[in-house]
Novice: 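Starting off with a structure, shown below.
Index from 1, following the sequence.
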Amino acid sequence: MTVDTNFPARSTLAAAALLAFSAAPAHAQTTPATAADNNESVVTVSAQRRNEEIQKAPLAITAISSKEMDLKQIRRLDDLKLEVPNIVIEQNTGTSTGAKIFMRGVGTDESLFTADPSVAIYIDDTYVARQTGAMFDMFDLQRVEVLRGPQGTLYGRNATGGAVRYITKTPSGEQRLEADTRIGNLGRIDANLSGGGRIGDTVAASFGLMSKHRDGYLRDITNGSKVNDEQMVGARLGLAMSLTKDTSLRVSIDTLKQRSGPVYASGVIDAAGNAKFNRPINNADGNLSTIETNLNTGINDLEQGGISVTSSTDMGGFEWRNIATYRRMHNELFIDLDGSRATSFHLYQNQTQNQKSYESQLVSSGKGPLSWTAGLFVFKEHNDQPTRQDIFATGGITTVKQDTTATALYGQADYRFNSVVKATFGARSSRETKDFSLNAARANGTLNFDFAAKNSWSRTDWKLGLDAQVSQDMLLYGSATTGFKSGGFNGRAGTAAAAALTLKPETVLTYEVGMKASFMNGAGRFNINVFQNDYKDLQLTAFNAAGVSVLTNAASAVIKGVEIDTSAQLTKAWQVSMNLGTLDAKYKDYTTANAATFDGKQLKQAPKLQYGLSTSYRVAMGNGSMVFGAQMKHVGEHFQNLTNSPIIKTDAYSIVDARAGYEAAGGKWSASLWGKNLANKRYYTGGFDLSALAIADVYLNVPRTYGVDLKYRFW
C-alpha cells in the first residue's frame, strides 16, 4: 500500500467518510442514544494532575476503562495498540518482559538501562524507569490513560514521545470478592482473584492476585521443545485510610515473578531469500514457526516489586500531595540471538535495579479563573549488570554500572479569561546526573579496558496553550510544548573509545492544534488533532553489521501527523469506535559524514498509516444479556532498524479480535468465547540484520489464540 502523507489530507478525508458511514444508522433510530444511556460516555481523566472530563482536556489522550478493557480483551500493555493512534508497542527483542514503545515515531528499542525510554510509564504517580519488566498486565485497574506527544511540564523525565498511566483501583472499603479465569489453546490458563473490604473501622483494603500460563508457539527443531512461552504470578495490595479530617493516606504494594523462557527469533533467509539478497541460508526448511539453537538452557527470569505511599491534605484553597516510592527489579537473561546451531551471537546479562523517588505536589482547588499545579520531583536509580556477548566464541564479562539522580521543579497554570477562552502556561526546570562505569574483561579474565565518567545535563521545558470551549459540545485547542531526554553513555561499548562517546540530550518542540466534539446528546465524540514534532539530537540506537552496539544523535528529525479518535453509542445496544493515525517522519540537517546513515531513510517504527475499528452490541436474554465485541487494527509497513533493512521490514498487516459472551443480571457471573488474531496473521515485531555475522532473524507475533473466559462474583 502506498500512502500519501504530506500533509495527510487523503487519510483524514477517508476517516471522515468512514465516520459518516458508521454514524449514518443513528439518524434512523426512533429512540436515539443519549449520554445517560451509556455510563461510559462521560470519562474523567487525571492526565493533568487534576480530575477533568476527557472532552474538556486540551490535549491528545486516549482513556480506556476497566470495563472496556474486559470487552476489548486489553489484557497487557501491548494490547493498547488496538485502541491508540500512532503507537507501536511490542515485546522488546529477546525478552517477554521488555516493552518497546514508539509513539508518534519516537521511542527506544534498546533495553539496556543506559538507553532511557522516550515514552514514560507510570503506575498511578510512580514513574517506572526501565523497559525491562514494563510489559505490565492489566489487572486490578480502574483505567489506563495514554498521553500522546511530549509531556515535558507535568511529567518531564523521558516523556518526549508521550506517557502511559496505569490508574489502579482505590480501595473503597466495599466488601467484594471475585474471580475470573481464561482457558484457551496453546495451553493458556490464566487466573485472577480480587477483592476488598475493611480492616477495622478506618482502613479500606483491596487486593489482586494473578497467574498466567501459556505454552510456546515456536518449535525448536534441535530438541523438539516449544519456545516463547509465558509463565508469571503477581499480586497487588492497596490500603487507604483517613489520618485526620483533612488528610488521607494511600499505600500500594505490588510484586511479580516471571519464569518465562527467552523469546527466540526465527531465521528469515530461506532459498528464496538467499537468491534475492545473496545472504547465507539460515532457515533451511522455510518455516518461520521453527527455530534452531545450540543453547541448551535459555534463561529469562524476572522478579520485581514496589511500594508507594501517597498522602493528600486539603489545605483549603489547594491540595497538598506527597508521593514516596521504591521499586526494585532483577532480570537474568541468557539467549541465543542468531537463530542457528552456531554460536554466532549469544547474550548473557544479569541486571539488578532499584529506584526511589519523592514528589510533592500542590494542586489548586480550581475555584475562580486561575487553576494551577506546582511540584518538586526527586529521583534516584541504581543499575548493575554483568554482561557477556558470545560472538563465535565465549566472550569476556563486561560489568556495567550507572547511578542516576534526577531533580525537577515544575508548575503549570490555567487562566480562564471568560466562559469560552482559557490559556495554559507551564515550565519545568530539570537536572539529571549520571555516574557511569564499564569494566570490560577478556575471555581469559584479564582486563580489556576500564572506563568511568560522570556527567550532568540541565534543561528548562515549557508549554503554552490556548483553548476555546466554543459550545457545550465543542472544544478547540492549540499548544506549543517542549520535551527533554538527558544525555547518556553506551553500556554495550566494546572499546574505551566507543565508551567515551557520550550521547547529547534529545529535545523536542511540538506544535499541535485539535478539536474535540460531542454529538448525539453526548453519546458520540469526534476528536481530531494535527501535530508537528521538531526533534533535535534525536537519540538512536542500533547494532552495526558486526553486532556492535552504536549510539548516535541524529542532527534533527521532523515528524508530522494527524490523529483521529471517535466513538458513538448509536443505540442503547450498539457502540462503534475508530482511531486513525498518520505519520510523515523525516531526518534533516545531518552532516555530509552522516548522509549515508540518514539520507533517504525512514524513521524506524514509524508506520505512515494506522487505523483501528471497534464495535460492541448488547442484547437482553433471559435474566441477563448477550454481549458481542470485535476489534480490528491495521498497521502500515515500517522498518525495524536504522538502516531500513528490507530483510527484516514489517509489511503492512491487519489483525482482528472478537468476543461473544453472556452476562448475568447484576454482574454475578459471565461466560465468554474469545479469539485473538483470528485471521492468524503473521508479522515481524522485531529483528536483527547483522551481515558480518551472517545473522538475519525476526521475532514473530503470537499466532491465533482462542478460548473461554469465566467470571464469578462471590459478593
Novice: Could you tell me whether a side-chain N or O of Tyr587 sits under 3.5 Å from a main-chain N or O of Val558, the two making a donor and an acceptor?
Specialist: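 Not a single qualifying donor-acceptor pair exists.
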Novice: What are the two closest heavy atoms between Ala696 and Asn282, and how far apart are they?
Specialist: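 The answer is O-ND2, 2.9 Å.
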Novice: Any chance you could lay out the side chain to side chain contact (heavy atoms under 4.5 Å, CB included) test for Lys276 and Asn274, step after step, and finish with the verdict?
Specialist: CA-CA 6 Å; Lys276 183 176 181 180; Asn274 166 256; over 6 Å; no
Novice: Looking at Asp435 and Lys401, does any basic side-chain N land under 4.0 Å from a carboxylate oxygen?
Specialist: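 Answer for the salt bridge query: no.
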Novice: Distance-only, no hydrogens or angles: does the Ser266 side chain make a donor-acceptor pair with backbone N or O of Leu288 under 3.5 Å?
Specialist: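 Judged by distance alone, yes, a pair lies under 3.5 Å.
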Novice: Of Gln402, Glu381, His382, Gln385, which meets side-chain contact (heavy atoms from CB on, under 4.5 Å) against Gln353?
Specialist: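 Looking at Gln402, Glu381, His382, Gln385, the match for Gln353 under the side-chain contact (heavy atoms from CB on, under 4.5 Å) is Glu381.
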Novice: Please name all residues satisfying salt bridge (charged side-chain N to carboxylate O under 4.0 Å, His left out) with Arg328, sequence neighbours left out, ordered by chain then number.
Specialist: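 In terms of salt bridge (charged side-chain N to carboxylate O under 4.0 Å, His left out), with neighbours along the sequence ignored, Arg328 is linked to no residue.
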Novice: Tell me if the NZ atom of Lys380 is crowded by more than 12 foreign heavy atoms within 6.0 Å.
Specialist: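 Open: at most 12 neighbouring heavy atoms sit under 6.0 Å from NZ of Lys380.
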Novice: Using 0.5 Å steps for rounding, measure from the CG atom of Leu112 to the CD atom of Gln351.
Specialist: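 Going from CG on Leu112 over to CD on Gln351, the span is 7.5 Å.
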Novice: Output yes when a side-chain donor or acceptor of Ser556 lies under 3.5 Å from a complementary backbone atom of Lys588, and no otherwise.
Specialist: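 Yes, because the side chain of Ser556 sits within donor-acceptor range (under 3.5 Å) of the backbone of Lys588.
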Novice: In the structure I gave you, are the side-chain heavy atoms of Leu295 and Phe334 within less than 4.5 Å of one another anywhere?
Specialist: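 A side-chain contact under 4.5 Å exists here.
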Novice: Is it true that a side-chain atom of Gln304 and a backbone atom of Gly133 form a donor plus acceptor pair closer than 3.5 Å?
Specialist: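 Answer holds: yes.
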Novice: Using atom types as modelled, flag every donor-acceptor pair under 3.5 Å from a side chain in residues 493-502 to any protein atom, sequence neighbours excluded.
Specialist:
unit_1	atom_1	unit_2	atom_2	d
Thr495	OG1	Ala498	N	3.1

Novice: Is Leu337 close to Phe688 at the side-chain level, that is, under 4.5 Å between some pair of heavy atoms?
Specialist: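 Of all side-chain heavy-atom pairs linking Leu337 with Phe688, at least one is under 4.5 Å.
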Novice: Do Arg459 and Thr507 have side-chain heavy atoms sitting under 4.5 Å apart?
Specialist: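 SC-SC contact between Arg459 and Thr507 confirmed.
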Novice: Salt bridge or not for Asp589 and Lys536, using N-O below 4.0 Å?
Specialist: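 Salt bridge flag = no for Lys536 with Asp589.
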Novice: Can I get a per-line list of side-chain donor-acceptor pairs under 3.5 Å for residues 480-489, giving both atom names and the distance, sequence neighbours left out?
Specialist:
unit_1	atom_1	unit_2	atom_2	d
Thr482	OG1	Asp461	OD1	2.8
Thr482	OG1	Trp462	N	2.9
Thr482	OG1	Trp462	O	3.4
Lys485	NZ	Thr108	OG1	3.4
Lys485	NZ	Asp116	O	2.9
Lys485	NZ	Ser118	OG	2.9
Ser486	OG	Glu432	OE2	3.1
Ser486	OG	Lys434	NZ	3.4

Novice: In chain order, what residues pass the side chain to side chain contact (heavy atoms under 4.5 Å, CB included) check against Asp78, with sequence neighbours excluded?
Specialist: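 Counting only residues at least two positions away or on another chain, Asp78 forms a side chain to side chain contact (heavy atoms under 4.5 Å, CB included) with Arg76, Ile89, Met135.
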Novice: Between CG of Asp384 and OG1 of Thr352, what distance do you get to the nearest 0.5 Å?
Specialist: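 It is 6.0 Å, given to the nearest 0.5 Å.
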Novice: Which residues pass the side chain to side chain contact (heavy atoms under 4.5 Å, CB included) test with Asn223, not counting sequence neighbours?
Specialist: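 Only Asp220, Ser225 meet the side chain to side chain contact (heavy atoms under 4.5 Å, CB included) criterion with Asn223.
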Novice: Mind listing the closest non-hydrogen atom pair of Gly298 and Tyr264 along with its distance?
Specialist: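 Scanning both residues completely, I find the closest heavy atoms to be CA-OH, 3.7 Å.
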Novice: If only side-chain N and O atoms count, and only distance matters, is there a donor-acceptor pair under 3.5 Å linking Thr325 with Ser308?
Specialist: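 There is no such pair between these side chains.
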Novice: Could you give me the CA-CA distance, side-chain angles and deciding distance for Phe436 and Lys454, then say whether side chain to side chain contact (heavy atoms under 4.5 Å, CB included) is met?
Specialist: CA-CA 6 Å; Phe436 169 81; Lys454 186 176 183 179; over 6 Å; no
Novice: Where do Arg388 and Asp390 land on the salt bridge (charged side-chain N to carboxylate O under 4.0 Å, His left out) test, with the steps shown first?
Specialist: CA-CA 6 Å; Arg388 192 184 79 226; Asp390 300 340; 2.8 Å; yes
Novice: What's the separation between atom CG in Asn331 and atom CG in Asn350, rounded to the nearest 0.5 Å?
Specialist: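 Answer for the CG-CG pair, Asn331 versus Asn350, is 8.0 Å.
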Novice: side-chain hydrogen bond (donor to acceptor under 3.5 Å, both in side chains): which pairs involve residues 641-651, sequence neighbours left out?
Specialist: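 Passing the test, one end in residues 641-651: Glu637-Lys649, Gln640-Thr650, Asn641-Thr643, Ser645-Asp689.
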Novice: Roughly how far, to the nearest 0.5 Å, is the OH atom of Tyr166 from the OG1 atom of Thr126?
Specialist: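 Those atoms lie 13.5 Å apart.
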Novice: Strictly by modelled atom types, are Asn294 and His346 linked by a side-chain donor-acceptor pair under 3.5 Å?
Specialist: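 Note: Asn294 and His346 side chains meet the donor-acceptor criterion.
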Novice: Which residues satisfy the side chain to side chain contact (heavy atoms under 4.5 Å, CB included) test with Gln231, sequence neighbours excluded?
Specialist: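 Scan of Gln231 (side chain to side chain contact (heavy atoms under 4.5 Å, CB included), adjacent residues dropped) gives His213, Asp229, Ser260.
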Novice: Measure from the side-chain N and O atoms of Asp338 to the backbone N and O of Phe345, and report whether any donor-acceptor pair falls under 3.5 Å.
Specialist: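 Yes.
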Novice: CE of Met329 to CG of Leu302: how many Å apart, nearest 0.5 Å?
Specialist: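 Between atom CE of Met329 and atom CG of Leu302 there are 6.5 Å.
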Novice: Return the CD to OG1 distance between Glu303 and Thr97, rounded to the nearest 0.5 Å.
Specialist: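 The distance works out to 12.5 Å.
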Novice: Using 30° and 60° as the class boundaries, would you call the ring planes of Tyr653 and His638 parallel, tilted or perpendicular?
Specialist: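 It falls in the tilted class, 30° to 60°.
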Novice: What residues form a salt bridge (charged side-chain N to carboxylate O under 4.0 Å, His left out) with Asp137, not counting sequence neighbours?
Specialist: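 Here the qualifying residues are Lys212.
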Novice: Restricting to non-hydrogen atoms, name the atom on Asn490 and the atom on Thr114 that form the minimum distance, rounded to 0.1 Å.
Specialist: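 Smallest heavy-atom distance, with atoms named: C-OG1, 4.4 Å.
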Novice: Look only at the side chain of Arg279 and the backbone of Ile695, and say whether a donor-acceptor pair between them is shorter than 3.5 Å.
Specialist: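 Answer holds: yes.
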Novice: Closest approach of Asp697 and Gly339, non-hydrogen atoms and distance?
Specialist: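 Where Asp697 meets Gly339 most closely, the heavy atoms are OD2-N, 3.8 Å.
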Novice: Please work out whether the ring planes of Phe598 and Tyr590 are parallel, tilted or perpendicular, with thresholds of 30° and 60°.
Specialist: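 Ring orientation, 0 to 90° scale: tilted.
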Novice: Taking only residues two or more places apart in sequence or in another chain, which ones pass ring pair (Phe, Tyr, Trp, His ring centres under 6.0 Å) with Phe639?
Specialist: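 Applying ring pair (Phe, Tyr, Trp, His ring centres under 6.0 Å) to Phe639 gives none.
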Novice: If you take all heavy atoms of Arg157 and Ala120, which pair is closest and at what distance?
Specialist: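 Closest approach of Arg157 to Ala120, heavy atoms only: O-CB, 3.9 Å.
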Novice: Does the pair Ile335 and Asn300 meet the rule for a side chain to side chain contact (heavy atoms under 4.5 Å, CB included), with working shown?
Specialist: CA-CA 8 Å; Ile335 184 171; Asn300 182 26; over 6 Å; no
Novice: Do Val268 and Ile647 come close enough that some side-chain heavy atom pair is under 4.5 Å?
Specialist: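 Yes, side chains in contact.
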Novice: Sequence neighbours left out, what passes salt bridge (charged side-chain N to carboxylate O under 4.0 Å, His left out) with Lys504? Give chain and number order.
Specialist: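 Residues passing salt bridge (charged side-chain N to carboxylate O under 4.0 Å, His left out) with Lys504: Asp537.
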Novice: Test: ring-ring contact (aromatic ring centres under 6.0 Å, His included). Region: residues 84-123. Which pairs qualify, not counting sequence neighbours?
Specialist: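 Those involving residues 84-123 are Tyr122-Tyr127, Tyr122-Tyr155.
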Novice: Considering only heavy atoms from C-beta outward, does the side chain of Asn701 approach that of Arg682 to under 4.5 Å?
Specialist: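 Yes, close enough: below the 4.5 Å cut-off.
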Novice: Can you name the residues that form a salt bridge (charged side-chain N to carboxylate O under 4.0 Å, His left out) with Lys81, not counting sequence neighbours?
Specialist: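 Per chain and number, Lys81 pairs via salt bridge (charged side-chain N to carboxylate O under 4.0 Å, His left out) with Glu90.
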Novice: Before giving the answer on side chain to side chain contact (heavy atoms under 4.5 Å, CB included), spell out for Met232 and Arg259 the whole-Å C-alpha distance, their side-chain angles and the decisive distance to 0.1 Å.
Specialist: CA-CA 6 Å; Met232 72 176 69; Arg259 290 295 182 264; over 6 Å; no
